[in-house]
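Notes follow once the structure below has been shown.
Note: hydrogens, waters and symmetry copies are ignored here, and every other heavy atom, side chains too, is used.
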Amino acid sequence: MSRRFRSVRTGIDFVLVGVVITLVLFGLLMVYSAGPLFAALLKQNADYFLIRQSMWAVLGFLGAGVLMFVDYHFYKRFTLLIMGGTVALLLAVIVIGDITFGATRSLNEGSIRPSEVAKLATILYVAVWLNAKKEVLNDITFGLLPLIFILGIVGALIMLQPDFSAAFTIIILGAVLFFLAGGEWRQIALVVVITLILGWVIINLYPTGKDRVMGFWSGLQEPVKADYQVRRSLEAIIRGGVFGVGIGNSVTKLTGLPVAHNDSIFAVIAEETGLVGAFLLITAYLVLLWRGLTIARHAPDELGRLIAGGITIWIVLEAMLNIGVSVNLLPQAGNALPFISYGGSSLVSTLAGVGILLNIGRLGNQQKQKGEQNFGAVVNLRWRDGRRRVSRPVHPASPEE
């Protein structure tokens with residue numbers, strides 16, 4: 001089967017697929033390396049987190065495989081139901097959620113974290129809503145204010161857990177989608193101002209938020225005064241050097257690096273694979289950003305462009321926040337490193353997003369291929385018609401005739 005035929009038949013972005021598979025497999029390796037101590041504290045076997053993460057990875061890949069062949073326009077009918085279900089899950093967390101590390105963020109003994117699901121659900125709902133309101137988008141009464149209301153409900157429910165990083169991510173994604181949909185700069189600036197004001201209020205209302213900002217500021221001035229988790233992360237990165245100490249040989253993960261298999265996993269990666277491994281990991285996310293934005297640019301329509309852009313920026317934003325915290329470039333947050341950190345809800349949600357992204361790319365590529373085929377057929381027909389007229393000249397009759 002020729003490459004051209006495969007492209008027309010599938011339209012799958014194999015570069016994106018390859019990057020995601022590589023990240024997930026590397027994530028399983030690093031979860032296995034970083035998880036034994038925490039598993040021992042839970043009185044579980046050393047491979048406890050690897051087995052659970054592998055199960056979530058299989059489920060996520062199966063879901064992505066299905067969603068890759070579900071036309072993304074299908075979600076237009078069910079976005080209200082999806083968002084309603086997400087809000088119900090967030091309410092359930094507040095009422096009957098499990099307490100983990102002093103916060104109520106999960107259901108079913110920590111196996112389901114609705115705030116992770118809410119990120120993808122918000123992208124789908126807001127993208128469909130903005131696409132439907134594009135004619136009145138820049139009317140603040142019908143555009144910006146309803147958008148703020150939508151994001152406010154989801155963000156407020158997440159803040160009640162409390163989960164600052166997830167709520168912040170939701171607001172940023174809403175602003176990005178509003179920008180991609182063609183929102184005016186004045187309204188975008190207004191969103192930024194409102195976000196900063198709300199952030200200041202939240203920081204002063206919640207001691208945890210204030211402590212994180214103060215710790216970040218202290219760490220910028222003098223690294224030894226940074227938060228404990230940041231100090232240990234920096235220690236791991238420095239110890240790893242250029243080429244690292246080798247997979248499985250991290251010392252920091254065994255001497256008090258908090259949640260090494262989750263929030264702090266980038267520090268373990270930097271220690272065990274060095275700056276080279278960290279650079280390759282960041283490069284993988286940049287490749288994902290390139291392919292995702294390419295898919296968004298060639299999407300069949302405005303809705304596809306919004307969803308593809310939102311999913312791509314969501315995944316890369318999560319990676320930037322996680323890595324930025326590890327090197328003390330951002331205040332302490334709880335964002336997972338996409339495809340790498342332990343967590344079933346995060347892994348399944350991001351893989352589902354990749355499945356939708358691949359569907360948009362597949363339909364866009366097939367549309368492009370059909371357009372090229374139609375254009376080629378027209379050119380070929382005209383060329384053949386021209387040849388026919390030129391290659392059949394009228395000769396004068398011979399004397400015999």
Side-chain angles (χ1 to χ4, degrees), residues 86 89-90 93-94 97-107 110 112-123 151-176 191-192 194-196 198-217 219 226-230 233 257-267 285 310-311 313-350 353:
T86 301
L89 287 174
L90 292 174
V93 169
I94 298 172
D98 304 318
I99 299 177
T100 307
F101 298 115
T104 307
R105 300 175 180 173
S106 57
L107 298 169
I112 300 174
R113 182 170 286 190
S115 60
E116 296 295 332
V117 179
K119 297 171 185 176
L120 179 58
T122 299
I123 291 172
L151 298 177
I153 291 176
V154 180
L157 290 174
I158 294 176
M159 281 300 304
L160 290 174
Q161 300 178 7
D163 190 341
F164 302 101
S165 58
F168 175 77
T169 303
I170 292 288
I171 294 172
I172 292 297
L173 289 174
V176 167
V191 172
V192 173
I194 293 174
T195 302
L196 292 175
L198 289 176
W200 182 82
V201 172
I202 290 169
I203 288 171
N204 285 274
L205 286 177
Y206 289 88
T208 303
K210 189 172 184 178
D211 291 342
R212 289 181 177 182
V213 173
M214 294 304 296
F216 166 68
W217 182 248
D227 290 332
Y228 176 76
Q229 182 172 343
V230 174
S233 296
L257 177 67
V259 285
H261 62 303
N262 194 299
D263 295 354
S264 301
I265 200 166
F266 179 77
Y285 286 116
I311 290 173
I313 293 172
W314 162 45
I315 295 174
V316 177
L317 176 64
E318 295 267 28
M320 289 173 56
L321 292 174
N322 182 278
I323 296 172
V325 168
S326 297
V327 297
N328 201 38
L329 291 178
L330 294 170
Q332 189 70 33
N335 296 77
L337 189 59
F339 311 113
I340 306 291
S341 293
Y342 173 78
S345 299
S346 172
L347 183 58
V348 172
S349 297
T350 48

>> Nearest 0.5 Å, please: how far is OG1 in Thr350 from CZ in Phe339?
In response: 4.5 Å
> Are the side chains of Thr122 and Leu173 in touch, meaning some heavy atoms are under 4.5 Å apart?
Replying inline: no
> To the nearest 0.5 Å, how far apart are CD1 in Ile323 and OG in Ser233?
Replying inline: 12.0 Å
> How many angstroms lie between atom CD1 of Ile170 and atom CG of Leu151, to the nearest 0.5 angstrom?
Replying inline: 7.5 Å
>> Working to the nearest 0.5 angstrom, can you tell me the gap between Ser341 OG and Asn262 CG?
In response: 5.0 Å
> Does CZ belonging to Phe168 count more than 12 external heavy atoms closer than 6.0 Å?
Replying inline: no
>> Could you measure the distance from the CD atom of Glu116 to the CD atom of Glu318? Nearest 0.5 Å is fine.
In response: 6.0 Å
> Rounded to the nearest 0.5 Å, what separation is found between the CG atom of Leu257 and the OH atom of Tyr228?
Replying inline: 8.0 Å
> Under the side-chain hydrogen bond (donor to acceptor under 3.5 Å, both in side chains) test, which residues partner Ser264, sequence neighbours left out?
Replying inline: Gln229
>> Which residue is it: Val316, Leu337, Thr169, Leu329? I am looking for the one with a side-chain contact (heavy atoms from CB on, under 4.5 Å) to Leu321.
In response: Thr169
> What pairs with Ser165 under side-chain hydrogen bond (donor to acceptor under 3.5 Å, both in side chains), at least two apart in sequence or on another chain?
Replying inline: Asp163
> Can you check whether Ile172 reaches Trp314 side chain to side chain, under 4.5 Å on heavy atoms?
Replying inline: no
> Can you tell me if Ser346 uses its side chain to pair, donor with acceptor, with the backbone of Gly343 under 3.5 Å?
Replying inline: no
>> Give me the atom names and distance for the closest heavy-atom approach of Ala167 to Ile158.
In response: N-CG2, 3.7 Å
> Backbone N or O of Ala336 within a donor-acceptor pair of the Tyr342 side chain at under 3.5 Å?
Replying inline: no
> Within the side chain of Asn322, is there an N or O that forms a donor-acceptor pair under 3.5 Å with the backbone of Asn335?
Replying inline: yes
>> Quick check: closest heavy atoms across Ile123 and Gly310, and the distance to 0.1 Å?
In response: CD1-O, 3.5 Å
